[in-house]
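Everything on this sheet refers to the single structure shown next.
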Amino acid sequence: MSQKISGVKGMNDVLPGGEVEAWQFVERTARELFQRYGYGELRTPAVEDTALFIRSVGEDTDIVGKEMYTFEDKGGRSLSLRPEGTAPAVRAFIEHAVSNQEPVTRWFYLGPMFRYERMKTGRYRQFSQLGCEAYGSRDPAQDVEVLDFLWQFLGALGLSGVRLHLNTLGDDACRPAWQASLVAHLRGQQGTLCADCQRRLETNPLRVLDCKSEQCQSVARAAPDIHGALCNGCRAHFEDVKRLLGALSIPFEVDPRLVRGLDYYTRTTFEFIASDPVLGTASTVAGGGRYDKLVKSLGGPDTPAVGFGLGLERLVLLLRATGRQFTAPPELFVAWMDDASRTEALVRISALRRAGFRVEFDPRGGSLKSQMKRADKVGARFALVLGDAELKSGEAQLKQMAGGEPVPVKLAGLGEFLSAARATT
RNA sequence: GCGAUCAUAGCUCAAUUGGCAGAGCACUGGACUGUGACUCCAGGGGUUACCGGUUCAAGCCCGGUUGGUCGCCCCA
């Protein structure tokens with residue numbers, strides 16, 4: 001008995017016919033833009049040693065604590081499907097001793113990530129992330145280059161209504177003292193915190209700051225502000241980031257309660273947040289920041305780094321909500337009448353395709369009417385029919401599907417005609 | 001991990017107190033000898049998500065499972 005097999009929960013197919021074309025547009029745009037910024041593409045395996053994520057992302061984060069796809073392979077190793085892209089990139093950076101070969105390394109990656117979560121709008125168990133990693137510079141110019149990329153990228157996609165939220169988390173010199181005073185403040189108000197935040201107080205106290213519940217918000221507002229506790233180095237860094245963003249005319253808002261869920265961030269953190277209702281409550285499109293200690297903590301040289309991760313599903317949702325079309329319909333559709341014209345049609349079609357034109361036909365043949373319906377269905381710009389008369393005269397009536405008089409065209413001159421037509425699109 | 005809600009043709013959805021499972025779109029063919037869209041006609045398509053129960057009789061009532069959607073948590 002054959003049983004129906006369906007796809008795995010939370011993991012989706014992307015089909016051609018509008019959907020995959022939107023993805024390709026995003027990917028093309030990203031690759032082209034990264035090339036301009038001097039970032040090379042890094043490809044790492046989907047699976048890593050589980051310990052990599054425990055040590056980088058953090059044992060107490062939700063991502064590692066309950067969302068990883070972890071399994072044991074036949075050799076008894078504990079492996080995990082990657083839940084994010086930074087840790088594998090850093091692993092590769094260290095493993096290939098890249099910093100011995102060049103002082104600055106700038107990589108981007110694009111591929112599937114996996115988190116075992118309950119699904120909702122814009123959140124899936126397999127999702128695609130686009131991200132970058134810039135190693136080797138502590139200069140705020142590097143932070144701002146990353147932000148500038150994202151700003152340009154969203155602009156190139158035609159997405160407006162995405163706002164940049166910016167914050168700093170300090171570093172080893174100032175964060176511990178601030179965090180201690182934060183915890184002390186929260187403990188004083190412990191009774192008024194929601195149940196979740198009571199727990200966060202122990203596991204990840206920074207997250208109390210962006211809790212959405214009313215009472216936690218009021219406690220958070222009265223909490224000691226990181227901006228008042230920054231050491232001189234962190235203060236200067238943050239001021240410089242803001243100044244450089246201003247110089248590039250990139251709008252942003254400082255959000256002192258912006259905290260990220262991964263443990264490795266230092267100094268700059270940011271999120272790009274969309275307001276479009278198609279995302280529901282999944283409004284964060286991209287997030288990232290600086291992680292100056294991560295490379296060293298994973299056993300590499302003391303190397304500062306900045307990067308971001310961006311959710312492609314959410315981006316594609318936004319893009320498709322704009323109603324834009326990304327398909328490239330055929331420029332010419334060829335119909336044939338009989339066996340002799342079928343041969344001629346295939347030869348002509350192949351030649352035009354080799355010359356770079358998008359040409360379609362109905363591989364089933366069939367009545368002329370059905371072939372013309374097909375031409376209409378696939379959105380061809382022009383259509384022509386090959387039969388006895390055309391083979392004899394070497395000329396065909398080229399029909400413009402959108403309307404207008406058919407134009408006689410020599411079969412030998414089809415390429416030239418289509419080239420000219422492209423110019424008038 | 002918690003909660004709400006839903007599941008009928010490829011898609012969007014109907015089906016009266018439980019009583020023969022339907023329409024639109026899409027697909028195929030024809031009306032129309034070699035020219036699509038508009039119109040008309042016809043046709044193919046279903047174990048009503050799955051498993052069990054109640055009943056003479058279940059798409060409908062009851063229990064469970066799986067999956068979708070939305071919210072909480074968290075994140076991209």
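The analysis underlying the following values was restricted to heavy atoms, covering all of them including side chains, and did not include hydrogens, waters or symmetry mates. Residue numbers begin at 1 in each chain, while the letters A, B, ... track the order of the sequences. Computed from a predicted structure; not experimentally measured.
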Quick one: A/E344 CD to B/G34 P, roughly how many Å, whole number? 21 Å
With a 3.5 Å limit on both atom pairs, tell me what B/U55 is paired to, counting Watson-Crick and G-U wobble, or say none. none
To the nearest angstrom, how far is A/R115 atom CZ from B/C73 atom C1'? 14 Å
What is the separation between atom CE on A/M337 and atom C1' on B/U33, rounded to the nearest whole Å? 8 Å
Distance between the C1' atoms of B/C61 and B/C2, in whole angstroms? 29 Å
Output field: ring centroids A/F382/A/F417 closer than 6.0 Å: yes
What interatomic distance, in whole Å, is found between C1' of B/A9 and the corresponding atom of B/A57? 25 Å
Could you let me know what B/A37 is paired to, Watson-Crick or G-U wobble, both distances under 3.5 Å, or none if it's on its own? none
Validate the cation-pi geometry between A/R125 and A/Y116: distance from NZ or CZ to the six-membered ring centre under 6.0 Å, angle to the ring axis within 45°. yes
Using a 4.0 Å heavy-atom cut-off across all strands, classify A/A375 as base, sugar-phosphate, or nothing. nothing
Comparing A/G387 and A/F272 on RNA chain B - which has the more 5′ nearest nucleotide: A/G387
Does A/K377 place a side-chain N or O at less than 4.0 Å from the phosphate oxygens OP1/OP2 of B/C27? yes
Around atom CD of A/E32, are there more than 12 heavy atoms from other residues, nucleotides or ligands closer than 6.0 Å? yes
State whether the number of non-hydrogen atoms from other residues, nucleotides or ligands found under 6.0 Å of A/E27 atom CD is greater than 12. yes
Look at all strands and tell whether A/L384 reaches a base, only sugar-phosphate, or nothing, counting heavy atoms closer than 4.0 Å. nothing
Closest to the A/R260 side chain, choosing from B/A76, B/G34, B/G36: B/A76
OH of A/Y116 versus C1' of B/A76: gap in Å, rounded? 19 Å
Can you establish whether the number of heavy atoms outside A/K296 located under 6.0 Å from its atom NZ is more than 12? no
In Watson-Crick or G-U wobble terms, with both distances under 3.5 Å, the base opposite B/U65 is B/A49
Suppose you measure atom C1' in B/U12 against the same atom in B/U17; what distance do you get, rounded to whole Å? 29 Å
On RNA chain B, more 5' by nearest nucleotide between A/A383 and A/E271 is A/A383
Categorize A/A335 for me: base, sugar-phosphate, or nothing, with a 4.0 angstrom heavy-atom threshold over every strand shown. nothing
Touch class at under 4.0 angstrom, heavy-atom based, for A/G379 against every strand present: nothing
Mind checking the P distance from B/C41 to B/A23? Whole angstroms is fine. 13 Å
Apply side-chain contact (heavy atoms from CB on, under 4.5 Å) to A/F153 and A/L159, showing your working. CA-CA 9 Å; A/F153 178 57; A/L159 294 176; over 6 Å; no
For B/G44, which nucleotide is its Watson-Crick or G-U wobble mate, given both distances must be under 3.5 Å? none
Using whole Å, report how far CD1 of A/I273 lies from P of B/C75. 13 Å
How far does the P atom of B/C70 sit from the matching atom of B/U16, given to the nearest Å? 29 Å
Could you measure between the two C1' atoms, the one in B/C6 and the one in B/A42, and give it in whole Å? 36 Å
If you look at every strand shown and take non-hydrogen atoms under 4.0 Å, does A/F333 touch a base, only sugar-phosphate, or nothing? nothing
Rounded to the nearest Å, what distance is computed from the CG atom of residue A/L386 to the C1' atom of nucleotide B/G34? 12 Å
Mind checking A/K9 for me? I need base, sugar-phosphate or nothing, with any heavy atom below 4.0 Å counting as a touch. sugar-phosphate
Residue among A/L318, A/T284, A/L315, A/I273 satisfying side-chain contact (heavy atoms from CB on, under 4.5 Å) with A/L279: A/L318
Under 4.0 Å between a Lys/Arg side-chain N and an Asp/Glu carboxylate O for A/R320 and A/E19? no
Considering only atom C1', compute the distance from B/G44 to B/U39 and round it to an integer number of Å. 22 Å
Could you tell me whether the side chain of A/K369 has a donor or acceptor atom within less than 3.5 Å of a complementary atom in the base of B/G30? no
Assign A/V385 to base, sugar-phosphate, or nothing according to its heavy-atom contacts below 4.0 angstrom with the strands shown. base
Base paired to B/A23 (Watson-Crick or G-U; both N/O distances under 3.5 angstrom): B/U12
Between B/A49 and B/G59, how far is it from one C1' atom to the other, in whole Å? 12 Å
Scan every strand shown for a Watson-Crick or G-U wobble partner of B/C72, both distances under 3.5 Å, and answer none if you come up empty. B/G1
Each nucleotide N or O in nucleotides 70-72 of chain B that has a protein N or O under 3.5 Å away: list the pair and distance.
residue: B/C70; atom: OP1; partner: A/T121; partner atom: OG1; Å: 2.6
residue: B/C70; atom: OP2; partner: A/T121; partner atom: N; Å: 3.2
residue: B/C70; atom: OP2; partner: A/T121; partner atom: OG1; Å: 3.2
residue: B/C70; atom: O5'; partner: A/T121; partner atom: OG1; Å: 2.9
residue: B/G71; atom: OP1; partner: A/T281; partner atom: N; Å: 3.4
residue: B/G71; atom: OP2; partner: A/T121; partner atom: OG1; Å: 3.2
residue: B/C72; atom: OP2; partner: A/T281; partner atom: OG1; Å: 2.9

What do you reckon, is CD of A/E395 surrounded by more than 12 foreign heavy atoms closer than 6.0 Å? yes
Between C1' of B/G68 and CG of A/N12, the distance in whole Å: 10 Å
Grab the CZ-P distance between A/R125 and B/A76 for me, whole Å please. 18 Å
Counting only Watson-Crick or G-U wobble pairs whose two distances fall under 3.5 Å, which nucleotide matches B/G18? none
Proximal nucleotide (of B/G68, B/C75, B/G29) relative to the A/S370 side chain: B/G29
Any donor-acceptor pair under 3.5 Å joining the side chain of A/E390 to the base of B/G34? yes
Taking A/V144 as the fixed residue, which of A/D139, A/L245, A/V306 is the one that meets the side-chain contact (heavy atoms from CB on, under 4.5 Å) rule? A/L245
Report yes if a donor N or O on one partner sits less than 3.5 Å from an acceptor N or O on the other, where the partners are the side chain of A/R314 and the base of B/C75; otherwise report no. yes
Other residues, nucleotides, ligands: >12 heavy atoms within 6.0 Å of A/Q190 CD: yes
